Amino acid sequence: MKMRIFDTLSVAEKNIDTSSSVRIYLCGVTVYDESHIGHARTIIVFDTLRRYLESKGVKVNLVQNFTDVDDKIINRAKKENTSAETITTRYIKNYFDDFDKLNVKRADLYPKATEHITDMIDLIKGLIEKGFAYTSKNGVYFSVSKFKDYGKLSKKKIDELVSGARVEVDETKKDPLDFALWKFSDDSPTWESPWGNGRPGWHIECSAMSLKYLGSNFEIHGGGRDLIFPHHENEIAQSESFSGINFAKIWMHVGMVTINGEKMSKSLGNTKSIDHVLKRWGPNIIRLFCLSGHYTKPIDYSEDILKETITKWRQVENCYFEMILADNSQAIDGLDQIRNIIQESKAEFDSALDSDFNTPLALGVFFKLVKNINQLASSEKLTKTISDAVLPTFQEMSSILGLQVIQVTDNEKNMISNLIKQRDIFRSQKKFLEADAIRKQISDMNIVLIDHKNKTLWMKQEKIGIED
RNA sequence: GGUGAGGUGGCAGAGUGGCUAUGCGUUCGCCUGCAAAGCGAAUCUAUAGGGGUUCAAAUCCCUUCCUCACCUCCA
């Protein structure tokens, strides 16, 4: 396969090297609070990318870290009068609860910073030996001026950064731009190091863990756009100074989620937790929303847009049930035509994703296919043969997008079809009150009846919180 | 101020030189015992403003205006 992704570093689209496995390092979350819709977007984008690559038979090795040592965690622990570990354990569990519900496949590995302290210490040692880092009163620092390419990812010039005012003043650093690799501290949790007790800086953890698990030069390093500077810039400085070779082949950054056009932030109090949006919209709507704009661009979370998405999702559900409940009673024609549609859809879908992972375009292709099937169903031309021809493609696309139509048990199926039979009898006797009572009973099970000319089908709808 | 990304119909969102996606919305209609769901038709002829290149530009160049993000922890 030939897939191109926009690389932040070279400011150009680059081919993903799929000759062997595709190694992806994704910067995960700091576990001091609930995850929000912004985290969801980044992680769903990478989950979908991974699903797509795997659907093409490409082996993916996805590593996503948990930052479980950080000042915010310690502050939260102090506030709750408990240990940092209690906090991180709670929010790691919370993370998996949320993302399992969002149908995000588990990464191959979720390394935690606290479990890689020795790797970080080794890395820092190496950087000191090579002359890129030094010890001072408050910790060990990376000397930015020693790394000549500093600023190449974020396109910043060192001189401008210095004059750009908002650099923390710290007399103990040789240069205001130098950043901490190791911070001395007696506040628990701390670890021993050759330089003194303390804890690692944020940036060093991702360098240490990505180098350890994916090597010095892997295919894709990703995260939110807000991580470009300083986090990823610093990772490049550390990793390339240590290894002497180029770090990630492609830097892939996902745009921010705004809320009604405003940046989402704790201080504005407008964050939307995953728990909140799941209760309100459910996983499929959220995934569709997160993939509805090109991943490099910002997307705006607003009720109106999410509501539109419900309509689309209902069409997908309708399409699925029309297909699985199609029967043989019709003449078989139009099969060649539908085969063409399937071929075209597949080709367009792949081509959209191959071209810098254009998910909005791919979604459009998927919806078009859904529309085509619903058209056939509406005109009583959807036979079982046609359904069987389309279903694999429908399911493959759904699976890549991580969408899941709600499933029904055989018991439910039997019960529903019995109720429908009873209702049909009442209808034929023009006992509409009784028929409507059955319809109500069915609808209480989240089943919607689809009355065609000569038959009644049904679909199970996902419950969407906001519609209650 | 610096850097980057943008400004496309009521809304969302593709499209990097020519054939003006797609979806939502709205209106009417089909279907129905009535609904629901679905479908059809109609509506909308958009490309921030100005200039230029070209037979031809949303698409290339110049310019003006505007928006957003990052430059501090942040997905």
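Throughout, protein chains are lettered first and strands after them, A, B, ... in sequence-line order, and every chain is numbered starting at 1. Here the structure is a predicted model, which means the values were calculated and not measured.
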Quiz item: NZ of A:Lys368 versus C1' of B:A21: gap in Å, rounded?
Solution: 7 Å

Self-check item: Gap in Å between the two C1' atoms, one belonging to B:G52 and one to B:G9, rounded
Solution: 27 Å

Quiz item: A:Ile305 CD1 to B:G25 C1': how many Å, rounded?
Solution: 13 Å

Exercise. Identify whether any heavy atom of A:Gly222 sits under 4.0 Å from a base atom; if not, whether one sits that close to sugar-phosphate; answer base, sugar-phosphate or nothing.
Key: nothing

Practice problem: Please measure how far the C1' atom in B:G49 lies from the corresponding atom in B:C66, and state the result in whole Å. | Solution: 10 Å

Quiz item: Say you pick atom P in B:U20 and the same atom in B:A75; how far apart are they, in whole Å?
Solution: 45 Å

Quiz item: Looking only at atom C1', what distance separates B:U16 and B:U54, rounded to whole Å?
Solution: 16 Å

Practice problem: Mark yes or no for a side-chain to base donor-acceptor pair under 3.5 Å between A:Arg225 and B:A5, with no hydrogen or angle criteria applied. | Solution: no

Exercise. Classify the ring geometry between A:Phe394 and A:Phe366 as parallel (under 30°), tilted (30 to 60°) or perpendicular (over 60°).
Key: tilted

Practice problem: With a 3.5 angstrom cut-off on both distances, give the Watson-Crick or G-U wobble partner of B:C39, or none if there isn't one. | Solution: B:G29

Quiz item: Considering only B:C39, B:A36, B:A35, which nucleotide approaches the side chain of A:Val448 most closely?
Solution: B:A36

Quiz item: Thinking salt bridges, do A:Lys174 and A:Asp178 make one under a 4.0 Å N-O criterion?
Solution: no

Quiz item: Got a donor-acceptor pair under 3.5 Å from the side chain of A:Asp451 to the base of B:A35?
Solution: yes

Exercise. Using the P atom on both, measure B:U67 against B:C61 and round to a whole Å.
Key: 23 Å

Exercise. Under 4.0 Å between any heavy atoms, over every strand shown, what does A:Lys371 touch: base, sugar-phosphate, or nothing? Just pick one.
Key: sugar-phosphate

Quiz item: With a 4.0 Å cut-off on heavy atoms, is A:His36 in touch with a base, just the backbone sugar-phosphate, or nothing at all?
Solution: base

Self-check item: cation_pi(A:Arg439, A:Phe426) dist<6.0 Å, angle<=45
Solution: no

Practice problem: Just compare B:A37, B:C39, B:C71 and give me whichever is closest to any side-chain atom of A:Phe229. | Solution: B:C71

Self-check item: Carboxylate-amine/guanidinium proximity below 4.0 Å for A:Lys14 and A:Asp7
Solution: yes

Practice problem: Only pairs at least two apart or in different chains count here, so list each salt bridge (charged side-chain N to carboxylate O under 4.0 Å, His left out) that has a residue in residues 286-299 of chain A. | Solution: A:Asp47-A:Arg287

Quiz item: Taking atom P of B:A69 as reference, at what distance in whole Å does atom CG of A:Leu227 sit?
Solution: 16 Å

Exercise. Would you indicate what A:Lys156 reaches in the nucleic acid, counting non-hydrogen atoms under 4.0 angstrom: base, sugar-phosphate, or nothing?
Key: base

Quiz item: Would a line drawn from the ring center of A:Tyr91 to the ring center of A:Tyr95 be shorter than 6.0 Å?
Solution: no

Quiz item: Considering only side-chain heavy atoms of A:Pro230, which listed nucleotide, B:G4, B:C34, B:U72, is closest?
Solution: B:U72

Exercise. Select from A:Lys72 and A:Glu322 the residue whose nearest nucleotide in RNA chain B is closer to the 5' end of that strand.
Key: A:Glu322

Quiz item: The side chain of A:Lys263 lies closest to which of these nucleotides: B:U32, B:G38, B:C70?
Solution: B:C70

Exercise. Pick base, sugar-phosphate or nothing for A:Ile228, based on heavy-atom distances below 4.0 Å to the nucleic acid.
Key: nothing

Quiz prompt | Options B:G33, B:G13, B:A75, nucleotide nearest the side-chain atoms of A:Ile299 | solution = B:G13

Self-check item: Distance in angstrom units between A:Met252 CE and B:A5 C1', rounded
Solution: 16 Å

Practice problem: Identify whether any heavy atom of A:Asn318 sits under 4.0 Å from a base atom; if not, whether one sits that close to sugar-phosphate; answer base, sugar-phosphate or nothing. | Solution: sugar-phosphate

Quiz item: What is the pairing partner of B:C70, taking Watson-Crick or G-U wobble pairs with both distances under 3.5 Å in any strand?
Solution: B:G2

Quiz item: Would you say the side-chain atoms of A:Glu205 pair up with the backbone N or O of A:Met120, donor to acceptor, closer than 3.5 Å?
Solution: no

Quiz item: Which nucleotide sits closest to the side chain of A:Asn374: B:C39, B:G13, B:C31?
Solution: B:C39

Quiz item: For RNA chain B, whose closest nucleotide is more 5', that of A:Asp436 or that of A:Pro360?
Solution: A:Pro360

Quiz item: Any side-chain N or O of A:Gln315 less than 4.0 Å from the OP1 or OP2 oxygen of B:C24?
Solution: yes

Quiz prompt | Nearest-Å distance once atom P is located in both B:U22 and B:A56 | solution = 28 Å

Quiz item: Nearest to the side chain of A:Ile450 - B:U3, B:A37, B:A75?
Solution: B:A37

Quiz item: Below 4.0 angstrom from OP1 or OP2 of B:G2, is there any side-chain N or O of A:Lys157?
Solution: no

Exercise. Examine B:A14: is either OP1 or OP2 under 4.0 Å from a nitrogen or oxygen in the side chain of A:Lys297? Give yes or no.
Key: yes

Quiz prompt | Sugar-phosphate only, base, or nothing, as touched by A:Gly38 at under 4.0 Å among non-hydrogen atoms | solution = base

Quiz item: Can you check the A:His253 NE2 to B:A69 P distance for me, whole Å?
Solution: 17 Å

Quiz item: Relative to the ring of A:Tyr52, is the ring of A:Phe349 parallel (under 30°), tilted (30 to 60°) or perpendicular (over 60°)?
Solution: perpendicular

Quiz item: How far, in whole Å, is B:C39 from B:G7 if one measures between their P atoms?
Solution: 30 Å

Quiz item: Rounded to the nearest Å, what distance is computed from the NE2 atom of residue A:His294 to the P atom of nucleotide B:G7?
Solution: 13 Å

Quiz item: A:Val257 near the nucleic acid: base, sugar-phosphate alone, or nothing, with a heavy-atom cut-off under 4.0 Å?
Solution: base

Exercise. Find the distance A:Met445:CE to B:A37:P and express it as a whole number of Å.
Key: 19 Å

Quiz item: Who is the Watson-Crick or G-U wobble partner of B:A46, with both distances under 3.5 Å?
Solution: none

Quiz item: What distance, rounded to whole Å, do you find between the two C1' atoms, one in B:C70 and one in B:G17?
Solution: 34 Å

Exercise. Determine whether any donor atom in the side chain of A:Arg427 lies under 3.5 Å from an acceptor atom in the base of B:C34, or the reverse, and answer yes or no.
Key: no

Self-check item: Options B:C11, B:A75, B:G25, nucleotide nearest the side-chain atoms of A:Cys27
Solution: B:A75

Practice problem: Would you indicate what A:Arg41 reaches in the nucleic acid, counting non-hydrogen atoms under 4.0 angstrom: base, sugar-phosphate, or nothing? | Solution: nothing

Quiz item: With ring centroids as reference points, do A:Tyr213 and A:Phe218 lie under 6.0 angstrom apart?
Solution: no

Quiz prompt | Minimum-distance nucleotide to A:Leu361 side chain [options: B:A37, B:A75, B:A14] | solution = B:A14

Quiz item: Looking at the side chain of A:Lys312, which of B:A5, B:C24, B:G38 is the nearest nucleotide?
Solution: B:C24

Quiz prompt | Touch class at under 4.0 angstrom, heavy-atom based, for A:Ser292 against every strand present | solution = sugar-phosphate

Quiz item: To the nearest angstrom, how far is A:Asn75 atom CG from B:C73 atom P?
Solution: 14 Å

Quiz item: Would A:Arg23 and A:Asp108 pass as an ion pair if we require N to O under 4.0 Å?
Solution: no

